[in-house]
Amino acid sequence: MDPPERLGMFRVVCLLAVFDAVCLLDTGMLFPRESSSREVKELNGLWDFRADQSPNRNQGFDRAWYKSRLAETGPVIDMPVPASYNDITQDPALRDFIGWVWYEREVVVPARWVADGGTRVVLRVGSAHYYSVVWVNGVKVTEHDGGHLPFEVEIGSLIRKDPTVPCRITIAVNNTLTLETLPPGTIQHMDDRTKYPEGFFVQNFNFDFFNYAGIHRPVLLYTTPKAYVDDITVVTDFLDNTGLVKYNVSVQGAANATLSVTLIDKDGRCVATSNGPAGVLKVVDVKLWWPYLMHENPGYLYSMEVRLTAADGKSTFEDVYSLPVGIRTVSVTSTQFLINNNFGYNRLITDRKFCGKSKGLDWPLIVKDFNLMKWLGANSFRTSHYPYAEEILQMCDRHGIVVIDECPGVGIKDIRSFGKASLTHHLVVMDELVRRDKNHPSVVMWSVANEPAAEMPPAEFYFKTLIQHTKALDPTRPVTYITASNYARDKGAPYVDVICVNSYFSWYHDPGHLEVIPIQLNTQFENWYGKYQKPIIQSEYGADAVPGLHSDPPVMFTEEYQKVVLQSYHNVFDQKRKQYVIGELIWNFADFMTVQGILRVVGNKKGVFTRQRQPKAAAFILRERYWRLANETGRLPPWTKYPCSL
Ligand code: BDP
């Protein structure tokens with residue numbers, strides 16, 4: 001039975017239409033997968049690398065380093081891809097480098113890719129921070145603005161020009177942040193020669209993590225036929241025990257293509273079929289996608305196989321793409337967040353950064369972090385403060401980890417970053433984010449920013465536009481931003497679906513006074529709910545703890561203090577989760593690196609795990625709590641009861 005308060009505001013719209021066409025991007029960005037018609041060649045490994053240390057950082061462009069091998073125009077070092085370059089050497093100048101760095105690699109392209117003019121060869125960069133320009137054999141092929149989302153370009157005709165030449169890929173990446181980048185920043189030149197050396201400048205920004213840079217996610221070549229599946233959008237629903245998968249497929253390279261769509265379950269059985277570019281697949285006895293610890297079989301995925309056939313008079317093309325699909329619904333009421341019409345209290349939410357030594361995609365670390373999350377009994381996280389790799393979202397789909405997908409809108413504090421150019425770029429970033437992540441069942445909400453200066457007058461127009469645009473892009477998911485503003489002055493809050501609020505009582509406010517937490521946290525919740533009547537997530541709370549520092553009674557920076565802060569917050573959550581508090585996200589999953597400053601001792605120490613992923617005392621408090629909350633649902637089979645053997 002549907003609960004009466006299920007207004008289903010997102011569901012209703014989603015039955016009417018698969019996402020609206022307000023997106024300004026004209027192509028899809030499907031994750032590159034191998035199939036009978038597609039091949040993938042990873043270009044990960046060692047690339048040649050040089051940072052442009054010239055005073056204006058422009059020598060590489062002035063001397064056209066892309067025109068010949070990088071090693072011919074100066075010294076190069078080995079640089080792993082994917083990885084941040086900052087911590088790879090012992091050189092502080094490279095760690096703190098600001099400006100253009102150059103990567104280059106030669107690739108052997110399979111002869112049949114070159115020979116077959118009916119094959120598209122696509123060069124794809126998973127992400128490079130921040131601005132990238134790409135050349136193939138000295139010819140500029142694309143550029144991309146933004147540090148955490150993929151971009152790609154077709155290079156088939158270029159490599160066919162002279163098949164005897166190896167394919168030389170050059171990528172220049174600039175990590176400079178300006179008032180109009182996302183996140184924003186400013187460059188400050190220090191011209192007082194009595195204090196600073198010639199040419200001294202710094203990058204300023206208002207966020208609390210090291211501005212790691214470089215090619216952070218896989219670079220690869222993949223093929224498709226000339227006529228191909230360019231994009232797929234799925235929206236899912238269910239009625240009783242029938243699942244509904246509404247789909248839309250867009251095709252490029254053929255005016256007329258035949259499409260057949262098959263939905264296959266985990267055992268390889270075909271459960272539904274359809275034809276044509278749009279339709280609804282009906283799945284009898286549906287197995288819904290459930291979050292971890294909300295069901296005994298979480299993260300159930302079907303596979304949707306899209307098969308395209310097209311002819312251009314001379315040749316016939318066949319393309320096959322398989323998309324994992326989880327069937328679930330998401331809806332929000334004034335007090336609840338429902339997945340499949342069930343209120344699970346988004347409890348167990350924790351927060352984390354998949355960020356060890358750098359920001360580069362790191363499989364051992366990712367798998368370790370998923371194991372730690374499951375050990376804790378956590379079932380979700382926020383991608384603070386930028387989109388994570390698609391590979392991580394795929395893990396979330398499979399393991400039933402619920403995600404608030406956050407764009408890189410962090411540190412928007414300067415009034416000049418609320419201008420037209422910033423907003424235009426922010427809208428494009430949301431387009432790119434939704435285009436990339438729209439089909440992940442794990443993604444249940446979009447977050448357009450973290451702690452912007454939402455009290456400033458331009459914030460109202462800025463966030464109204466941004467949130468309405470995101471809702472039009474995807475009417476099936478709620479939209480939020482993470483606030484630290486005062487409830488009475490927050491200009492964007494009327495437009496969000498869920499209030500997400502960060503607070504650090506007894507840390508940044510009243511440091512050392514643990515006794516203020518109950519009253520201040522209560523007041524925080526009453527004020528926000530009283531004003532907006534929307535469900536609330538505590539999207540950050542915590543305290544720094546230097547591992548191994550102890551004190552009883554607790555003092556700041558000890559493991560005991562961190563424990564008591566968390567416990568004091570939890571006591572209030574336990575009252576408020578009976579009303580309208582729908583989730584709790586500790587800050588942070590693991591310690592992480594920041595810029596150097598008087599508030600940070602080798603990085604931010606609010607992790608409940610160290611950077612090496614060892615638990616602090618607080619991790620055991622969370623584990624106890626998360627499993628207890630999970631058990632309270634009464635929905636778990638006995639073998640998951642805590643304490644359990646994992
Ligand atoms: C919050 C920010 C987060 C910081 C945290 C802190 O959202 O990025 O790391 O404060 O200071 O306000 O630890």
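Count residues from 1 along the sequence. First listed ligand is number 1; within each ligand, the first listed atom is number 1. Keep in mind that this is a model prediction, so the values were computed, not measured.
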Student check: side-chain heavy atoms of Y196 and F201 closer than 4.5 Å: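 A side-chain contact under 4.5 Å is absent here.
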With a 4.5 Å cut-off on side-chain heavy atoms, are E540 and Y504 touching?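 Y504 vs E540: side chains touch.
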Stacked cation flag K374 on Y292, 6.0 angstrom / 45 deg: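 Satisfied, under 6.0 Å and within 45°.
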Within the 4.0 Å heavy-atom shell around [X], which atoms of ligand 1 are there?
X    : answer
F592 : 9 (O)
H385 : 3 (C), 7 (O), 8 (O)
N450 : 7 (O)
N502 : 7 (O)
N604 : 6 (C), 9 (O), 13 (O)

Quick one: list whatever passes salt bridge (Lys or Arg N to Asp or Glu O under 4.0 Å) with K534, sequence neighbours left out.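 So K534 forms no salt bridge (Lys or Arg N to Asp or Glu O under 4.0 Å) with any residue.
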Checking E515 now: which residues fulfil salt bridge (Lys or Arg N to Asp or Glu O under 4.0 Å) with it, not counting sequence neighbours?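 For E515, no residue satisfies salt bridge (Lys or Arg N to Asp or Glu O under 4.0 Å) once neighbours in sequence are set aside.
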Mind checking whether H129 and H148 have parallel, tilted or perpendicular rings, split at 30° and 60°?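 H129 vs H148 ring planes: tilted.
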Where on W587 is there a heavy atom closer than 4.0 Å to ligand 1, on the side chain, on the backbone, on both, or on neither?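 It is the side chain that touches ligand 1; the backbone stays farther off.
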If you measure only the distance, is there a donor-acceptor pair under 3.5 Å linking the side chains of Y532 and D490?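 No donor-acceptor contact under 3.5 Å links the two side chains.
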[X] touching ligand 1 at heavy-atom level, < 4.0 angstrom:
X    : result
Y508 : yes
R600 : yes
F207 : no

